[in-house]
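Read through the structure below, which is laid out as structure tokens, and then see the notes.
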Number of protein chains: 2
Amino acid sequence: MGNKTKQVIMDVAEALFATHGYEGTSLRMITQQAGVNLAAVNYHFGSKAALMEAIYERRIRPMNEERLRRLDALEAHHGDGQHLPLEALVEAFIAPALRLSREGRGNHFITLLGRSYLESSPTLHAQVRRLFDGVAERFRQAFARALPELPSGELYWRLHFMVGVLAYCMTGTEMMRLIASSRMEASDDPDELITRLVTFISHGLAAPASPVVVDAPPRRAGEALR
Amino acid sequence: MGNKTKQVIMDVAEALFATHGYEGTSLRMITQQAGVNLAAVNYHFGSKAALMEAIYERRIRPMNEERLRRLDALEAHHGDGQHLPLEALVEAFIAPALRLSREGRGNHFITLLGRSYLESSPTLHAQVRRLFDGVAERFRQAFARALPELPSGELYWRLHFMVGVLAYCMTGTEMMRLIASSRMEASDDPDELITRLVTFISHGLAAPASPVVVDAPPRRAGEALR
DNA sequence: GTCTATAACTAGATAGAC
DNA sequence: GTCTATCTAGTTATAGAC
């Protein structure tokens, strides 16, 4: 029954690490809530740190595999040296991530992932980064093809901005209630969020590269910005 | 010398909390690095938790005061019932935050703030939220005036997206190196980042409200999205 | 206000019976 | 594989001398 014990330990630890942080979660909390013995974590994973690693790998790898599948499909459908449709590209990048964050068990992990960006542990950081490296480069090249007129320095920053909104939306709940407290339309539909996000990000990515005039006249929504 | 001791404790604790997290930072680490006695934290602040509270208040209040000063100036310069220029409004919201994150001592605090969004402590969360409530409502109304054609439900989401990019850019360094590793143009100029961000966010905010066509033909950067 | 000393407790890890 | 018992080392907080 070793495999099942590993499973339940990872499930419980994922939720606890997300809620209380790595340092704030004790092996005693984990093993108690998982209904296993205190020594089980060290037996199955070797240490508390190795348990953390296993948790990251379990979620991130499938997410990035889906991103690459979608990108492959896009590139197969459009010519090889040709432009790619921007909105579809954005969606290929963000949809697997957002769906992970709304999945049954995955929503705890997203908080954990957001937390990991702020941790200083070099070990953890290196491991998380390694899990993203291949996907990042493939998508960077694809976006460069979708926005051929944009200087690469500008594209670089805007892709960061895209990752930023995405990361924020993935962490979800708590953070998103800060700015406009009571106006939330209770919509748990991930597809609706994806549509809104694709619109926002695509228009941000496709903005002209030149600096913006700060004192512009009022404009209507949908009107192109100069 | 009580005031100076409080000061140095807060400075050191801010950096340590940001780097190692609240639970990951011990009073021993703080007092050792601050060159004060172990008992000093409990004497001056009452507890570890109260020290944390004091650290938040010290940074957030001035930042939001500056946001409101800028908004007041904008509203004074433009008519009361009239539209506000979108880019200037975005800048009024993000510039004080980004400048705080690049200030001498402030850059540690930003990581700490980002971390707090992921913490589950209801006490801390309530306190942080209270510090933002007034600013949030004032800006929400201002953005509604700047984008009068945008349905309020759509505006709500896009303001969240804005906060998301901002929060991400404030946490800075670590997170931003994930997607495009070696292409970073080493630019520590906050004004340049602000300009780029204002462009990205303004175009995202001003996008048409209708859903996006996913399979669109390629476009040039700067061309309006349909 | 600042210090030392210590109380009261919890942490991760492991040895060894079953 | 799973258990109990325990080790070592860390934590917050406080009492009381100066």
Side-chain angles (χ1 to χ4, degrees), chain A residues 1-58 112 115-116 118-127, chain B residues 1-56 58 112 115-116 118-125 127:
Chain A
M1 215 204 270
N3 213 350
K4 193 167 186 177
T5 300
K6 280 184 81 162
Q7 202 75 21
V8 71
I9 287 177
M10 289 173 82
D11 290 342
V12 167
E14 183 176 74
L16 288 176
F17 284 151
T19 311
H20 303 103
Y22 179 76
E23 314 269 1
T25 304
S26 68
L27 293 184
R28 281 169 174 80
M29 292 163 68
I30 296 170
T31 51
Q32 253 180 5
Q33 188 164 324
V36 302
N37 188 266
L38 170 60
V41 168
N42 276 284
Y43 176 81
H44 286 284
F45 298 91
S47 71
K48 188 185 178 185
L51 167 60
M52 185 71 146
E53 276 194 26
I55 291 172
Y56 275 92
E57 191 121 359
R58 176 173 68 154
L112 184 55
R115 205 184 271 272
S116 78
L118 304 167
E119 302 281 337
S120 69
S121 155
T123 317
L124 176 60
H125 193 260
Q127 207 231 352
Chain B
M1 214 206 272
N3 212 350
K4 193 165 186 178
T5 300
K6 280 184 80 164
Q7 202 74 24
V8 71
I9 287 176
M10 289 172 81
D11 290 343
V12 167
E14 183 177 74
L16 288 175
F17 283 151
T19 310
H20 304 103
Y22 178 76
E23 315 269 0
T25 304
S26 69
L27 293 186
R28 280 172 173 76
M29 292 163 69
I30 296 170
T31 51
Q32 254 179 6
Q33 188 165 324
V36 302
N37 189 265
L38 170 61
V41 168
N42 277 285
Y43 177 79
H44 285 285
F45 297 91
S47 72
K48 189 185 177 185
L51 167 62
M52 186 70 146
E53 277 194 25
I55 290 171
Y56 274 91
R58 176 174 68 156
L112 184 56
R115 205 182 272 270
S116 78
L118 303 168
E119 301 282 337
S120 68
S121 155
T123 318
L124 176 61
H125 193 259
Q127 206 230 354

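Worth knowing before you read on, the calculation uses all heavy atoms, side chains too, and leaves out hydrogens, waters and symmetry mates. Every chain is numbered from 1, with letters handed out A, B, ... down the list of sequences.
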- Query: Could you run down nucleotides 13-18 of chain C 5' to 3' and tag each one B, S or - for protein heavy-atom contact under 4.0 Å?
  - Reply: BB----
- Note on the structure: Nearest heavy-atom approach of A:V41 to A:T31 is CG2-CG2, 3.9 Å
- Item | B:L51 CG - D:dT11 P separation (whole Å) | 16 Å
- To the nearest angstrom, the CD1-P distance between A:I30 and C:dT10 comes to 17 Å
- Stem list, DNA chain C (Watson-Crick or G-U pairing under 3.5 Å, at least 3 consecutive pairs): C:1-10 with D:9-18, C:12-18 with D:1-7
- Query: Which heavy atom of A:H44 sits nearest a heavy atom of A:K6, and at what distance?
  - Reply: ND1-CG, 3.6 Å
- Are A:Q32 and A:V12 side-chain neighbours, meaning at least one heavy-atom pair lies under 4.5 Å? no
- Short side-chain N/O contact from A:S26 to OP1 or OP2 of C:dT10, under 4.0 Å: no
- Closer than 4.0 Å, any side-chain N/O of B:T5 to the OP1 or OP2 of C:dT2? yes
- Describe the nucleic acid contact of A:T31 in one word from base, sugar-phosphate, nothing, applying a heavy-atom distance below 4.0 Å. nothing
- Task: Find the distance between CD (B:Q33) and CG (B:D11) and round it off to the nearest 0.5 Å.
- Result: 11.0 Å
- Note on the structure: note: B:H44, atom NE2; C:dC3, atom C1'; distance rounded to Å ~ 12 Å
- May I ask you to test the B:I9-B:F45 pair for a side-chain heavy-atom distance under 4.5 Å? yes
- Round to a whole Å and report the spacing from OH of B:Y22 to P of D:dT11. 14 Å
- If every non-hydrogen atom of B:H20 is compared with every non-hydrogen atom of B:M29, which pair is closest and at what distance? ND1-CE, 3.7 Å
- Message: Quick check: do A:M52 and A:Q127 have side-chain heavy atoms less than 4.5 Å from each other?
- Response: no
- Query: Expressed in angstrom and rounded to an integer, what is the separation of A:I9 atom CD1 from D:dG1 atom P?
  - Reply: 12 Å
- Item | Donor-acceptor under 3.5 Å (B:Y22 side chain, B:L112 main chain) | no
- Query: B:V36 and B:A40: which non-hydrogen atoms are nearest, and at how many Å?
  - Reply: CG2-CB, 4.0 Å
